[in-house]
Student: 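Quick one: the structure is below, questions incoming.
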Amino acid sequence: MYSISEGYAAFQNYQTWYRICGDLRSGQTPLVVAHGGPGCTHDYVDAFREIAETGRAVIHYDQLGNGRSTHLPHKPADFWQVPLFLDELSNLLLHLGIADNYALLGQSWGGMLTAEHAVLRPIGLKAAVIANSPASMALWLQAAARLRAALPADVQACLLEHEAAGTLTSDAYRAASQVFYQRHVCRLDPWPAEVQRTFDAMDADPTVYHAMNGPTEFHVIGSMKDWNIIDRLHAIAVPTLLISGRYDEAAPEVVQPFADHIRANEWVIFESSSHMPHVEERSACMKTVSDFLSRHC
């Protein structure tokens with residue numbers, strides 16, 4: 001068993017909620033988990049708390065604008081930028097007193113944030129896990145178009161109709177989008193409660209997701225639509241684990257630049273998973289991450 005504590009880190013004029021599973025002073029490098037979205041919550045990546053059973057502390061947090069952290073629904077779209085979340089992460093590390101020794105795992109957008117953090121070569125970062133993440137949004141959109149073209153014809157027609165009409169909150173559009181999600185986001189049916197909690201939270205306050213991404217995973221019109229880190233990946237100097245699923249919306253061609261440009265990397269593809277191996281193949285994913293961390297920090 002491990003201890004659990006929660007708290008808030010003051011950030012600018014706001015509050016970042018965090019939870020620590022385990023003891024930060026155990027002697028093992030703690031693992032910080034950055035959730036996806038942008039605009040999700042920690043709930044759907046809660047499974048990584050299991051790693052605390054090895055004696056390594058695991059820290060989850062809700063990024064600004066989401067979950068139990070300060071919500072800012074009236075902030076303009078240009079407030080929500082990558083540097084804001086980099087600053088928030090650095091502030092959290094300092095608040096917890098672990099800025100000189102930590103590992104970072106980011107899932108989806110969280111992996112993009114992890115890459116952005118790692119290219120800065122922070123002195124305390126000992127290892128990184130980039131899970132189900134694109135190295136550029138152009139590659140992501142190309143893969144999404146390919147996967148979307150394989151959906152049933154009536155689903156594709158419905159998506160196109162409502163995108164053209166701008167009726168992206170209609171029940172029909174949401175139902176058609178769910179067909180894609182069930183194939184390429186989480187293939188479990190029904191979705192685990194913690195995954196559903198995150199999507200319900202995003203429905204309740206989609207501020208960050210809409211500003212940075214857009215209405216759906218495959219209709220990206222937010223500020224991240226031109227994001228690309230490929231030409232900076234050579235700067236990542238720590239051991240890096242890459243994770244993806246065989247049916248992942250983060251398709252192999254989307255992840256490949258990480259493998260091509262990060263010198264010390266390992267890449268594991270989970271054959272029965274889509275975008276969430278941590279719930280779709282939970283035990284195997286936890287073991288993969290835990291073993292990787294044990295080898296490197």
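Only this structure's heavy atoms are used, side chains among them; waters, hydrogens and symmetry mates stay out.
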Student: Is there side-chain contact between Leu160 and Arg148, with heavy atoms separated by less than 4.5 Å?
Tutor: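 Leu160 vs Arg148: side chains touch.
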
Student: Are any non-hydrogen side-chain atoms of Pro192 and Cys186 less than 4.5 angstrom apart?
Tutor: yes

Student: Can you check side chain to side chain contact (heavy atoms under 4.5 Å, CB included) on Val208 and Gln63, steps first, answer last?
Tutor: CA-CA 10 Å; Val208 183; Gln63 294 161 26; over 6 Å; no

Student: Under 3.5 Å, side chain of Arg183 to main-chain N/O of Leu147, donor-acceptor pair present?
Tutor: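 Judged by distance alone, no pair lies under 3.5 Å.
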
Student: Under the salt bridge (charged side-chain N to carboxylate O under 4.0 Å, His left out) rule, what pairs show up with a residue in residues 230-245, not counting sequence neighbours?
Tutor: Glu116-Arg232

Student: Look at the side chain of Asn213 and the backbone N and O of Pro38, then say whether any donor-acceptor pair between them is shorter than 3.5 Å.
Tutor: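 No: the side chain of Asn213 does not pair with the backbone of Pro38.
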
Student: Can you get from Val129 to Leu242 by hopping between Ile, Leu, Val, Met, Phe, Trp and Tyr side chains that sit under 4.5 Å apart?
Tutor: no

Student: Ignoring hydrogens, what is the shortest heavy-atom contact between Met137 and Lys225? Give both atom names and the distance.
Tutor: CB-O, 3.4 Å

Student: According to ring-ring contact (aromatic ring centres under 6.0 Å, His included), does anything in residues 260-297 pair up with another residue at least two apart or in another chain? List the pairs.
Tutor: Tyr44-His278, Phe48-His278, Trp140-His275, Phe292-His296

Student: Kindly indicate, with the supporting measurements, whether the criterion side chain to side chain donor-acceptor pair (under 3.5 Å) is fulfilled by Ser69 and Thr16.
Tutor: CA-CA 5 Å; Ser69 294; Thr16 301; 4.8 Å; no

Student: I need the minimum non-hydrogen distance between Thr240 and Val238, along with the two atoms involved.
Tutor: OG1-O, 3.0 Å

Student: Using salt bridge (Lys or Arg N to Asp or Glu O under 4.0 Å) as the criterion, list what pairs up with Asp260, not counting sequence neighbours.
Tutor: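 Result, salt bridge (Lys or Arg N to Asp or Glu O under 4.0 Å) vs Asp260: none returned.
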
Student: Membership question, hydrophobic clusters at under 4.5 Å side-chain separation (ILVMFWY): are Leu24 and Leu31 in the same one?
Tutor: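 No, because Leu31 and Leu24 fall into different hydrophobic clusters, even though each may have its own neighbours under 4.5 Å.
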
Student: Less than 4.5 Å apart, side chain to side chain, heavy atoms only: is that true for Leu105 and Leu293?
Tutor: no

Student: Can you name the side chain to side chain donor-acceptor pair (under 3.5 Å) partners of Tyr247, sequence neighbours left out?
Tutor: none

Student: Should the heavy atoms of other residues, nucleotides or ligands under 6.0 Å from CG of Asp171 be counted, would the total exceed 12?
Tutor: no

Student: Does a side chain donor of either Glu161 or Tyr173 reach within less than 3.5 Å of an acceptor in the other side chain?
Tutor: no

Student: Does the side chain of His35 come within less than 4.5 Å of Val33's, by heavy atoms?
Tutor: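 Contact flag for Val33/His35 side chains = no.
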
Student: Quick one: does any side-chain atom of Ser244 pair with a main-chain N or O of Ala250 as donor and acceptor, under 3.5 Å?
Tutor: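 Absent.
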
Student: Give every donor-acceptor pair under 3.5 Å between a side-chain atom in residues 72-87 and any protein atom, sequence neighbours left out.
Tutor:
| from | atom 1 | to | atom 2 | distance (Å) |
| --- | --- | --- | --- | --- |
| Lys75 | NZ | Tyr14 | OH | 3.4 |
| Gln81 | NE2 | Asp78 | O | 3.4 |

Student: Under 4.5 Å between side-chain heavy atoms, hopping through other hydrophobics if needed: is there a path connecting Trp109 to Val279?
Tutor: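 No, because Trp109 and Val279 fall into different hydrophobic clusters, even though each may have its own neighbours under 4.5 Å.
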
Student: Shortest non-hydrogen contact from Pro152 to Val179?
Tutor: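 In this case the closest contact between Pro152 and Val179 is CD-CG1, 4.4 Å.
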
Student: Has Arg263 got a side-chain atom pairing as donor or acceptor with Ala237's backbone, closer than 3.5 angstrom?
Tutor: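 Checking the backbone N and O of Ala237 against the side chain of Arg263, no donor-acceptor pair under 3.5 Å is found.
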
Student: Look up atom NE2 in His71 and atom CG in Leu64, then write down how far apart they are to the nearest 0.5 Å.
Tutor: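 Those atoms lie 9.0 Å apart.
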
Student: Are any of the side-chain heavy atoms of Cys40 and Met202 separated by less than 4.5 Å?
Tutor: yes

Student: Are the side chains of Met286 and Glu53 in touch, meaning some heavy atoms are under 4.5 Å apart?
Tutor: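 When only atoms from C-beta onward are counted, Glu53 and Met286 do not touch, as no gap falls below 4.5 Å.
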
Student: Test of understanding: with ring pair (Phe, Tyr, Trp, His ring centres under 6.0 Å), list the residues that count as partners of Trp227, not counting sequence neighbours.
Tutor: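 So Trp227 forms no ring pair (Phe, Tyr, Trp, His ring centres under 6.0 Å) with any residue.
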
Student: Enumerate the residue pairs fulfilling salt bridge (charged side-chain N to carboxylate O under 4.0 Å, His left out) with a member in residues 204-213, sequence neighbours excluded, ordered by first and then second residue.
Tutor: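 Pairs touching residues 204-213 that pass the test: none.
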
Student: Check for a donor-acceptor pair, side chain of Glu249 on one end and backbone N or O of Val185 on the other, with a separation under 3.5 Å.
Tutor: no

Student: By side chain to side chain donor-acceptor pair (under 3.5 Å), which residues pair with His60, not counting sequence neighbours?
Tutor: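 Side chain to side chain donor-acceptor pair (under 3.5 Å) check on His60 returns Arg19.
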
Student: Nearest 0.5 Å please: distance from the SG atom of Cys285 over to the CD1 atom of Ile51.
Tutor: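 Result: 7.5 Å between the selected atoms.
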
Student: Going hydrophobic residue to hydrophobic residue with side-chain gaps under 4.5 angstrom, can you get from Ile243 over to Ile229?
Tutor: no

Student: So which heavy atom on Val155 is nearest to which on Ala176, and how close?
Tutor: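 So the two residues come closest at CG1-O, 3.6 Å.
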
Student: Without swapping roles, check the side chain of Gln196 against the backbone of Trp191 for a donor-acceptor pair under 3.5 Å.
Tutor: no

Student: Test of understanding: with salt bridge (Lys or Arg N to Asp or Glu O under 4.0 Å), list the residues that count as partners of Asp43, not counting sequence neighbours.
Tutor: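 Counting only residues at least two positions away or on another chain, Asp43 forms a salt bridge (Lys or Arg N to Asp or Glu O under 4.0 Å) with Arg197.
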
Student: Quick one: does Gln28's side chain have a donor or acceptor within less than 3.5 Å of a partner on Thr54's backbone?
Tutor: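 Such a contact is found between Gln28 side chain and Thr54 backbone.
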
Student: Could you list the donor-acceptor pairs under 3.5 angstrom formed by side chains in residues 92-103, with sequence neighbours left out?
Tutor:
| from | atom 1 | to | atom 2 | distance (Å) |
| --- | --- | --- | --- | --- |
| His95 | NE2 | Tyr18 | OH | 3.2 |
| Asn101 | OD1 | Thr29 | OG1 | 2.9 |
| Tyr102 | OH | His117 | NE2 | 2.6 |

Student: If the condition is salt bridge (Lys or Arg N to Asp or Glu O under 4.0 Å), which residues does Arg56 pass it with, not counting sequence neighbours?
Tutor: none

Student: Between the main-chain N or O of Ser170 and the side-chain N or O of Arg174, is there a donor-acceptor pair closer than 3.5 Å?
Tutor: no

Student: Under 3.5 Å, side chain of Arg121 to main-chain N/O of Ala235, donor-acceptor pair present?
Tutor: yes

Student: To the nearest 0.5 Å, tell me how far Thr167 OG1 sits from His162 NE2.
Tutor: 4.5 Å

Student: Just how far is it from atom OG1 of Thr198 to atom CG of Asp200, taken to the nearest 0.5 Å?
Tutor: 9.0 Å

Student: Could you list the residues that satisfy salt bridge (Lys or Arg N to Asp or Glu O under 4.0 Å) with Glu6, not counting sequence neighbours?
Tutor: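 Expected list: Arg68.
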
Student: Check for me, please, whether Leu141 and Leu159 land in the same ILVMFWY cluster - side-chain distances under 4.5 Å, paths through other members count.
Tutor: no

Student: What I'd like to find out is whether the side chain of Ser136 reaches to under 4.5 Å of the side chain of Ile230, using heavy atoms alone.
Tutor: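 Counting from C-beta outward, Ser136 and Ile230 do come under 4.5 Å.
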
Student: Which heavy-atom pair separates Asn265 from Ala259 by the least distance, and what is that distance?
Tutor: ND2-O, 3.1 Å

Student: In terms of side-chain geometry, is the basic nitrogen of Arg295 or Glu266 positioned less than 4.0 Å from the acidic oxygen of its partner?
Tutor: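 Here Arg295 pairs with Glu266 in a salt bridge, since their nearest N and O are under 4.0 Å apart.
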
Student: Let me see the working for Leu89 and Val32 under side chain to side chain contact (heavy atoms under 4.5 Å, CB included), right down to the final yes or no.
Tutor: CA-CA 9 Å; Leu89 173 58; Val32 178; 4.3 Å; yes

Student: If I take atom CD1 from residue Ile130 and atom CE from residue Met112, how far apart are they, to the nearest 0.5 angstrom?
Tutor: 11.0 Å

Student: Grab the two heavy atoms, one from Val255 and one from Ser133, that are nearest each other, plus how far apart they are.
Tutor: CG2-O, 3.7 Å

Student: Checking Glu280 side chain against Leu188 main chain: does a donor-acceptor pair fall under 3.5 Å?
Tutor: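 Looks like no, no N/O pair under 3.5 Å.
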
Student: How many angstroms lie between OG in Ser273 and CZ in Arg246, if you round to the nearest 0.5 Å?
Tutor: 11.0 Å

Student: Does any non-hydrogen side-chain atom of Asp248 lie less than 4.5 Å from one of Val254?
Tutor: no

Student: Determine whether the side chains of Ser274 and His184 contain a donor N or O and an acceptor N or O closer than 3.5 Å.
Tutor: no

